[in-house]
Structure formats: structure tokens, C-alpha cells
Number of protein chains: 2
Amino acid sequence: MSAPVAPVRQDWMREHNLSLALLVVLRAAEPVSRAQVAALTGLSRAAVTNIVDRLVETGLVRELAPVALPRGRPAVPLVPVRGAVAALGLEVNVDYLGVRAFDLTGELVAEQVVHADLRGSDPQEVAARLAEVAAEVRAAVLAQGSQIAGGTLALPGLIDSSSVLRTAPNLGWRDLDALQLLPAEVVGGVVGFTVANEADLAARAEVRARLHENEKPSFFYVSGEIGIGGARVLAGEVNAGRHGWAGEIGHVVVGSTPGAGLIRLEDVAGQHALLAAAGRPGAALTELLAALESADAQALAAVGEAGRALGIALSAVAHISDVDEAVLGGTFASLFDVLAGPVEQALAELVVFSDWAPVRVSRARAGDYAAMTGAACTVIDRLVASPALWSLARSRS
Amino acid sequence: MSAPVAPVRQDWMREHNLSLALLVVLRAAEPVSRAQVAALTGLSRAAVTNIVDRLVETGLVRELAPVALPRGRPAVPLVPVRGAVAALGLEVNVDYLGVRAFDLTGELVAEQVVHADLRGSDPQEVAARLAEVAAEVRAAVLAQGSQIAGGTLALPGLIDSSSVLRTAPNLGWRDLDALQLLPAEVVGGVVGFTVANEADLAARAEVRARLHENEKPSFFYVSGEIGIGGARVLAGEVNAGRHGWAGEIGHVVVGSTPGAGLIRLEDVAGQHALLAAAGRPGAALTELLAALESADAQALAAVGEAGRALGIALSAVAHISDVDEAVLGGTFASLFDVLAGPVEQALAELVVFSDWAPVRVSRARAGDYAAMTGAACTVIDRLVASPALWSLARSRS
DNA sequence: TGGATAAATTCACGGCGTCAACAAAACCCG
DNA sequence: CGGGTTTTGTTGACGCCGTGAATTTATCCA
């Protein structure tokens with residue numbers, strides 16, 4: 001949320017403080033009282049009384065029964081209303097498509113994933129299948145009385161600011177308006193519908209997974225799939241860049257051949273290249289994992305090489321973006337035990353500031369289908385950032 | 001200026017709108033009237049009347065004589081007060097040190113630069129010399145009745161958030177508290193004094209140089225000096241990263257030797273390496289420029305190689321940070337005519353999104369001593385961001 | 001001289017957070 | 001068993017801020 005270069009009026013101020021209070025209620029491990037909200041936000045108790053009343057009116061927050069304290073008047077605990085709102089996270093990836101729904105607190109409410117090989121698929125047809133899945137999740141959510149707050153679609157490709165998918169090489173899709181692709185009953189019925197890059201959204205899910213230990217984590221998220229993408233997170237915010245396609249680490253140069261040809265990260269650590277180097281071209285990832293399990297020398301060497309290349313690419317990220325943690329996600333999370341060593345070694349060797357701020361390497365914690373989760377998170381973020389707007393939109397419908 | 005994760009009160013709102021109005025007055029090509037400020041900011045004329053009155057009270061803005069319009073009541077033009085405020089930009093670099101003073105509008109008011117070879121110099125001694133120069137510039141500024149709004153020191157090295165200079169390899173300095181180094185009469189008398197990286201500040205100066213054509217430019221600034229640094233600018237804001245040392249493009253890997261050794265950008269395009277490759281190890285840059293002028297084959301080849309390496313490093317920047325313009329500054333600005341071609345070619349060849357958003361390459365426009373200029377700019381930025389705070393500080397002194 | 005036009009100002013109004021006072025609901029101790 | 005204590009939550013006066021409409025000011029033009 002960046003400060004607007006626009007006049008600020010009282011309603012903006014109210015919106016901001018409303019959002020602040022809502023965030024405190026959402027993020028608290030235990031239910032908080034009005035007095036605690038006041039203490040945590042820095043607002044006066046009087047203001048918080050008023051603000052919380054409005055949040056209760058909009059149905060986003062609920063009061064529990066008062067609980068006795070060691071001393072003084074009992075406090076009224078405040079909790080987010082679970083059933084009130086559902087956020088949809090959709091995804092089309094190379095080997096599956098699916099939809100997830102989360103409530104305000106980030107709890108999974110409904111989900112449906114279909115596995116399929118979507119390489120070189122027809123966008124129209126895939127969109128129709130996604131719409132079906134979305135309709136089912138939608139129905140499940142509505143059945144339990146939730147309002148749908150919006151949706152975000154994750155795609156493995158470059159998406160520019162007008163929601164046009166420029167290219168998704170592994171799907172074989174090019175120059176599609178991703179919003180127009182989806183039928184109106186998916187997009188139209190939903191207040192806000194957006195499209196974003198899969199790696200950026202997975203990084204957002206990773207932020208969520210780390211919230212309990214760090215409110216504002218900073219790291220570079222690496223999404224190892226068929227291709228290799230990534231996203232930089234600074235103080236809890238995903239940094240998508242000028243057009244929204246930052247983090248394309250797969251195309252970073254990591255070396256050269258004697259003939260002066262350049263080697264990019266994907267040429268070494270992309271899934272096809274990695275399997276080929278491991279002596280299993282065209283095989284599934286599980287085969288590689290099994291080979292590593294049984295200490296297959298060629299497989300270990302291939303992953304080691306990939307790790308070194310990834311470390312070189314990440315050293316470029318560290319120098320250019322100044323991050324001190326690299327989070328390995330996607331298939332790289334499965335390969336973590338073999339991969340992390342060479343990555344760390346290359347980073348220690350190459351990064352100039354590794355003496356003061358060594359780049360840590362860690363495994364992603366966001367779990368499966370991180371991009372879907374992250375997609376829903378962005379919807380919740382939008383809602384939390386402007387609760388009054390939401391209640392307005394709700395009352396209109 | 002990012003939105004605070006803190007309660008917003010009316011005084012914050014006032015400060016914001018005050019800042020907004022001041023910015024409009026500063027940035028306008030022609031003096032603007034209150035009515036124009038209202039139109040440009042989106043505030044009501046009533047509010048602008050009040051706000052401008054306060055800006056006039058603080059002495060930051062002045063009214064000119066009313067000028068007749070084609071129709072209607074004459075407008076009262078508003079202009080920034082030139083003599084009111086002076087911002088100091090200080091710099092210690094490898095071959096010079098100096099101080100510049102700018103007024104509110106960004107006009108140069110006073111300046112003093114001393115050339116000297118500061119490689120391997122003693123920090124204490126250099127600080128004393130800088131203090132002398134600063135005292136003279138200070139005196140010149142005070143003589144014309146300006147108040148000093150603050151100062152920023154530019155250093156060619158990694159500076160962390162607590163203003164400690166971790167390392168400046170080309171000065172041979174390490175682990176210094178840059179603020180404690182300067183005598184109290186330089187730092188103490190000044191409201192806000194900060195330290196920052198030379199390339200980050202030069203990038204800030206570049207933003208200033210481009211304001212008239214683009215309010216919020218985005219680019220990657222390359223600072224070619226003895227070493228090679230840089231800074232990413234997104235929508236007019238310099239992005240310094242987690243610790244403030246982003247943009248260290250000189251250490252990015254651009255290839256490898258057959259023996260599996262890695263080649264970093266500085267190994268090819270750093271000033272020492274470049275001069276050596278041109279057959280003039282240890283020479284001055286002017287010699288290389290002369291050789292290029294006379295079409296010396298070895299010099300041209302060396303710069304061409306450096307350009308290709310720079311292009312490879314910038315392709316990493318483009319993929320990681322998604323920028324669509326690279327600005328070549330420092331010595332690279334002088335070499336621009338020879339350098340730009342190979343850089344552009346490498347970028348076109350390597351950047352995946354060059355079809356939709358080709359990375360432009362341009363010469364820096366910030367002029368000499370860009371870091372000093374940018375250092376003063378950050379001081380002015382702080383002042384403009386909180387005009388009320390400034391008037392408070394002023395009334396206390 | 002009167003009308004048109006646009007800048008700048010004034011003022012009543014409603015919204016918002018603060019502050020201080022107060023009410024409410026427990027607990028403790030004599 | 002009842003007053004004192006403590007902390008929560010509410011209330012109302014207050015001051016500040018931007019809005020919007022009405023008003024004043026200043027110039028040009030017919």
C-alpha cells in the first residue's frame with residue numbers, strides 16, 4: 001500500500017485506520033480486545049470503539065463473550081468472522097488447473113484441483129474447464145453463506161499491466177487477454193478479478209506462511225517448475241517491477257561455453273535440462289527423486305551442477321536487489337536437500353557482502369499449490385486495505 | 001514516501017496535503033496560481049487558500065505581483081522562495097571530494113570541489129579536508145541568508161542502515177561510522193544528516209534531470225567509475241534494497257573461462273581491466289578516449305568487449321528487476337558512443353521480453369558530480385515531504 | 001456603466017481523532 | 001459483605017480539516 005500522490009481527505013484517513021484495526025484483529029494470535037487494538041495501533045480507545053463498531057456492522061468482525069482478566073473489567077474479545085467472505089485463487093499451470101477459496105483469516109474453505117497435461121493446450125478449452133471447476137468451488141462457498149470478495153488467476157508467464165498474457169512458453173500460449181478468456185459468470189459475478197504471474201503469487205503465499213515469525217519478511221522466492229521464475233519480496237511486499245514481470249531468473253546468464261555461447265540458468269537447472277543431465281531425458285520428476293534417494297552418481301552430479309548454477313544466478317539477484325534470503329520453491333523444494341549445499345557454497349563464494357549479511361537458503365513453506373494460495377491472498381489484501389469500500393460494494397449488490 | 005503502518009491523524013493529512021501543494025509549486029514550469037494548485041492537486045480552492053497561506057508563513061513559498069489573464073480576476077502567481085533554504089550534498093570519491101549546495105528549486109547555489117587521489121587515504125584526514133570545504137560552502141550559503149535544511153554524504157561503498165560504511169574498496173576504507181567521522185560543526189549544526197551510496201544518489205540526480213519529461217521515470221542507472229555500481233529506480237524512487245546496497249552490478253557473473261572460473265562484470269569493464277585490455281594499463285581515462293577518437297583498434301575492441309559484458313549484466317538486471325531503460329553514467333557516459341551499440345545488441349539478444357518492451361540504453365543527463373547533486377536532492381525531498389516539520393524545526397532554532 | 005468571467009476568500013457544515021470524564025464489571029481485602 | 005482498586009468500554013466537548021456554496025475582488029469587454 002503506497003501513499004497516494006493525491007489529496008488526502010478524512011474518508012481516506014478513516015479507511016486507513018479502519019484497515020489498520022482490521023489487520024490487528026486478523027493477525028493477532030489470540031482474540032484481542034478493543035483496548036488492545038488501541039494499544040497496538042496507537043489510536044485512542046475512543047477512536048477504536050467507533051472503528052470496531054463499523055467493522056462489526058460490515059460483518060467482518062464479531063464480538064465473543066467477555067472474558068475475565070486478572071484485574072479490572074472483563075474484555076470483549078474480537079475475532080474475524082470466518083464465514084463472511086471468501087477469496088478465490090485460480091491457477092492454470094503446466095500439469096494441473098484448480099481453484100481454491102480462503103476466508104478472511106486465510107483458512108482454506110474449499111478447493112478443487114484437476115491434473116492434466118496442458119502443454120500446447122487450447123486456451124479456450126482450458127478456460128472452459130477452469131470455469132467448471134470455479135463454478136463448483138463457488139457453489140460450495142455460497143452454500144455456506146459466504147460472500148465472494150474477488151478472485152485472482154495465476155498463470156505461468158509474462159502478464160502485463162492490462163492483464164494480457166504476453167507469453168507462457170510452457171503452455172504454448174501467447175498474447176491472450178486472460179480476463180476475456182474466462183466466461184462472464186466467473187469473472188462478472190466477482191467484484192474484483194485480476195490476473196498475475198504464478199511466481200509472484202507463490203511468493204505472496206510464502207509471505208503468508210512466514211507471518212507468524214516475521215511480519216515483514218524479505219527474500220527472493222525461486223519457483224522451480226518446468227521453467228524457472230521467481231519474485232523479490234521486500235518487507236512483506238512482492239515487487240513485480242515496471243511491467244509486472246520481474247524475477248525471471250531463468251534467463252540470467254550463469255556462464256559461457258568456450259565458443260562464447262552464453263549459458264542461462266534454465267539451460268542447466270530447468271526441468272528438461274536437469275532430467276537430461278541426470279541421464280533421464282523426458283522422465284518425470286519422481287524418477288529423479290528416486291535416483292537421488294538411491295545415490296545415483298549421475299543424478300547427484302546433475303543436481304549439484306544445477307545448484308551451482310542456481311547459486312550463480314542468485315548471486316546476481318543478491319548484488320542487484322540486495323536480498324539476504326533465497327527461498328527455494330516448486331520442484332526445487334523437493335530437491336532442497338541435494339540442491340541447497342551447492343547453492344549456499346556459490347553464494348558464499350560470490351556475494352561481496354556475504355561477510356556481513358550472508359545469503360541464507362531455505363525451503364519454501366507455502367506448501368502445495370502456492371500460487372493458488374497467494375492468488376487468494378492478494379484478494380484478501382485488497383479487501384483488508386479498504387474495508388469501507390468493501391462494505392459499500394456489498395450493500396450495492 | 002510510503003504509507004505509514006501507523007494511525008493517521010488530521011495532522012498527518014495536513015502534512016500530506018501541504019507537501020502535495022508545495023510539490024506542485026516547485027515542479028511547475030511556470031508560476032502557478034492558487035486556482036491552478038487546486039486543479040492540479042484535486043483539493044478544493046478553499047483548502048488551497050489555507051494551505052498556501054501556511055506555506056507562505058513558513059517562508060517556503062512567495063507571492064508575485066498579480067498578472068492579468070485573458071478573462072476574469074488576475075491570478076496571484078506562487079513561486080518557491082529561492083534563498084530560503086539550502087541543502088548540502090557532500091561526496092568523497094576516489095579522485096575528488098567536494099560539497100554542493102542547492103536551493104529548494106534544485107538550483108545550484110554554491111559549490112567547491114577538490115581533486116586529489118584518495119586511494120588508500122586516511123579517513124580521519126580526508127574527513128578533516130571535507131569539513132574545511134563544507135565550512136566554506138556553509139559560510140557562502142549563510143552569507144546569502146539561507147537556512148541549511150540538512151546534508152547527505154555520498155560514499156563509494158556499501159553503507160548499511162545505521163550509516164556505517166562497511167567497505168569502500170577503492171578508497172581502502174572499512175567499517176567506519178561515517179557520521180562520527182565528520183566533525184560536529186558539520187553534522188551537528190545541520191538538522192538532518194545522512195550517508196548513502198554514491199550510485200544510489202547519482203541515480204537520484206538522474207531522476208531530477210529527467211523530471212521535465214517524465215514525472216516518475218523508471219530505469220537502471222549504471223555508475224561506471226573505478227568499480228561499477230548502479231541503482232534501480234522505479235517510478236521516480238530509488239530502490240536501495242534490504243540493507244541499502246542493491247545495484248552492485250559490478251559483481252554480476254557475465255561468463256566463465258574454460259577452466260570453470262567465473263568472470264564478473266568488473267573483470268571486463270572495470271576501469272583497470274578496461275585500460276589493460278586496451279593496451280594502456282594504469283593510464284588515465286582521457287588516454288583511452290583519445291585512442292578511441294583516433295580509431296585505435298585495440299581500444300575499440302576492449303570497449304566493445306566491455307559493452308557486451310555490460311549488456312549481459314544488464315540483461316540480468318532486466319530479468320530480475322524488470323526495467324526497460326538502462327542509463328549509463330560516470331565514465332560510461334563518456335564512452336557512451338562506443339559502448340552503447342554492443343550493450344543494446346546484447347540486450348536485444350538476451351532479454352526475453354525485448355519484443356514487447358525493448359530495453360533502451362541512454363546516456364546519463366545528470367552532469368558532473370551527480371552523486372553530490374543527488375545527495376542534496378534527498379535532503380530537499382525530506383523537506384518537501386514534511387514542510388510542517390521543517391517550519392517547526394526552524395522555529396525552534 | 002453594466003455584464004461576464006474567473007480568482008480568491010469566507011463561513012457553515014459534517015467527519016474524525018483526542019482528551020478527559022464517566023460508567024461498567026470484575027477482583028481484593030478488611 | 002461492602003468499599004477500594006483496576007481495567008475496559010463509552011460518551012461528549014473540542015479542535016482540526018476539507019467541502020461546497022455563497023460572496024467578494026479584480027479585470028476585460030461591449
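Chain naming here is simple, since letters A, B, ... match the order of the sequence lines and numbering starts at 1 in each.
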A.B. asks: To the side chain of A:Gln10, which of C:dC16, C:dG17, D:dT27 is closest?
C.D. replies: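 Nucleotide nearest to A:Gln10's side chain: C:dC16.
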A.B. asks: Can you find a side-chain donor-acceptor pair between A:Thr373 and A:Arg100 that sits under 3.5 Å?
C.D. replies: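 Their side chains do contain a donor-acceptor pair, which is all the 3.5 Å distance test asks for.
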A.B. asks: For a quick check under 3.5 Å, do A:Arg14 and A:Asn50 share a side-chain donor-acceptor pair by atom type?
C.D. replies: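 The criterion, which ignores hydrogens and geometry beyond distance, is satisfied for A:Asn50 and A:Arg14.
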A.B. asks: Base contacts versus sugar-phosphate-only contacts with protein, heavy atoms under 4.0 Å: please encode nucleotides 1-8 of chain D as B, S and - from 5' to 3'.
C.D. replies: -----BBB
A.B. asks: Mark yes or no for whether A:His16, through its side chain, and B:Arg9, through its backbone, hold a donor-acceptor pair below 3.5 Å.
C.D. replies: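 Checking the backbone N and O of B:Arg9 against the side chain of A:His16, no donor-acceptor pair under 3.5 Å is found.
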A.B. asks: Using whole Å, what does the distance between atom C1' of nucleotide C:dG17 and atom CG of B:Asp11 come to?
C.D. replies: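 Going from CG in B:Asp11 over to C1' in C:dG17 covers 10 Å.
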A.B. asks: Would you kindly give the CD-to-C1' distance between A:Glu15 and C:dC16, to the nearest whole Å?
C.D. replies: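 Whole-Å distance recorded here is 14 Å.
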A.B. asks: A:Ala110 and A:Ala140: which non-hydrogen atoms are nearest, and at how many Å?
C.D. replies: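 Smallest interatomic distance, heavy atoms only, reads CB-CB, 4.3 Å.
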A.B. asks: Do you know the tightest heavy-atom contact between A:Asp103 and A:Val109?
C.D. replies: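 The answer is N-CG2, 3.5 Å.
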A.B. asks: Can you check the A:Met13 CE to C:dG14 P distance for me, whole Å?
C.D. replies: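 Computing the A:Met13:CE to C:dG14:P distance gives 18 Å.
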A.B. asks: Could you give the CG-to-C1' distance, from A:Asn50 to C:dG15, as a whole number of Å?
C.D. replies: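 After rounding, the gap between these two atoms is 10 Å.
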A.B. asks: For B:Leu64 and C:dA7, give me the distance from atom CG to atom C1', rounded to whole Å.
C.D. replies: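 About 16 Å, once rounded to whole Å.
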A.B. asks: Does a side-chain N or O from B:Arg14 land closer than 4.0 Å to OP1 or OP2 of D:dG18, or not?
C.D. replies: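 Yes, because at least one side-chain N or O of B:Arg14 sits under 4.0 Å from OP1 or OP2 of D:dG18.
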A.B. asks: Please, what dot-bracket string fits DNA chain C when only Watson-Crick and G-U pairs with both distances under 3.5 Å count, crossing ones use [ ] and pairs to another strand use |?
C.D. replies: ||||||||||||||||||||||.|||||||
A.B. asks: For C:dC16, does OP1 or OP2 lie under 4.0 Å from any side-chain N or O of A:Asn17?
C.D. replies: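 No, because none of the side-chain N or O atoms of A:Asn17 sits under 4.0 Å from OP1 or OP2 of C:dC16.
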A.B. asks: Using whole Å, what does the distance between atom C1' of nucleotide C:dG14 and atom CZ of A:Arg9 come to?
C.D. replies: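 A:Arg9 atom CZ is separated from C:dG14 atom C1' by 15 Å.
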A.B. asks: Return the value, rounded to whole Å, for the distance between atom CZ of A:Arg54 and atom P of C:dG17.
C.D. replies: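 It works out to 8 Å between those atoms.
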A.B. asks: Measure the distance from CH2 on A:Trp12 to P on D:dT19 and round it to the nearest whole Å.
C.D. replies: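 Going from CH2 in A:Trp12 over to P in D:dT19 covers 15 Å.
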A.B. asks: Think B:Thr49 has a side-chain N or O under 4.0 angstrom from the OP1 or OP2 of C:dT9?
C.D. replies: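 Result: yes.
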A.B. asks: Does a side-chain N-to-carboxylate-O contact under 4.0 Å join A:Glu215 and A:Arg210?
C.D. replies: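 No, A:Glu215 and A:Arg210 are not salt-bridged.
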A.B. asks: With salt bridge (charged side-chain N to carboxylate O under 4.0 Å, His left out) as the criterion, how do B:Arg232 and B:Glu237 come out once you've worked through the C-alpha distance, each side chain's angles and the decisive distance to 0.1 Å?
C.D. replies: CA-CA 8 Å; B:Arg232 177 155 127 60; B:Glu237 304 274 331; over 6 Å; no
A.B. asks: For DNA chain D, whose closest nucleotide is more 5', that of B:Gly42 or that of A:Ala46?
C.D. replies: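 In this pair, the answer is A:Ala46.
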A.B. asks: We want to know whether A:Asp322 and B:His243 form a side-chain donor-acceptor pair, criterion being a heavy-atom distance below 3.5 angstrom.
C.D. replies: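 Side-chain D/A pair, A:Asp322 to B:His243: present.
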A.B. asks: Taking only residues at least two apart or on different chains, which pairs with a member in residues 60-80 of chain B satisfy side-chain hydrogen bond (donor to acceptor under 3.5 Å, both in side chains)?
C.D. replies: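 Qualifying pairs: B:Arg34-B:Glu63.
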A.B. asks: Assuming nearest nucleotide by heavy-atom distance, tell me which of A:Pro70 and B:Glu63 is located more 5' along DNA chain C.
C.D. replies: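 Upstream on the strand: B:Glu63.
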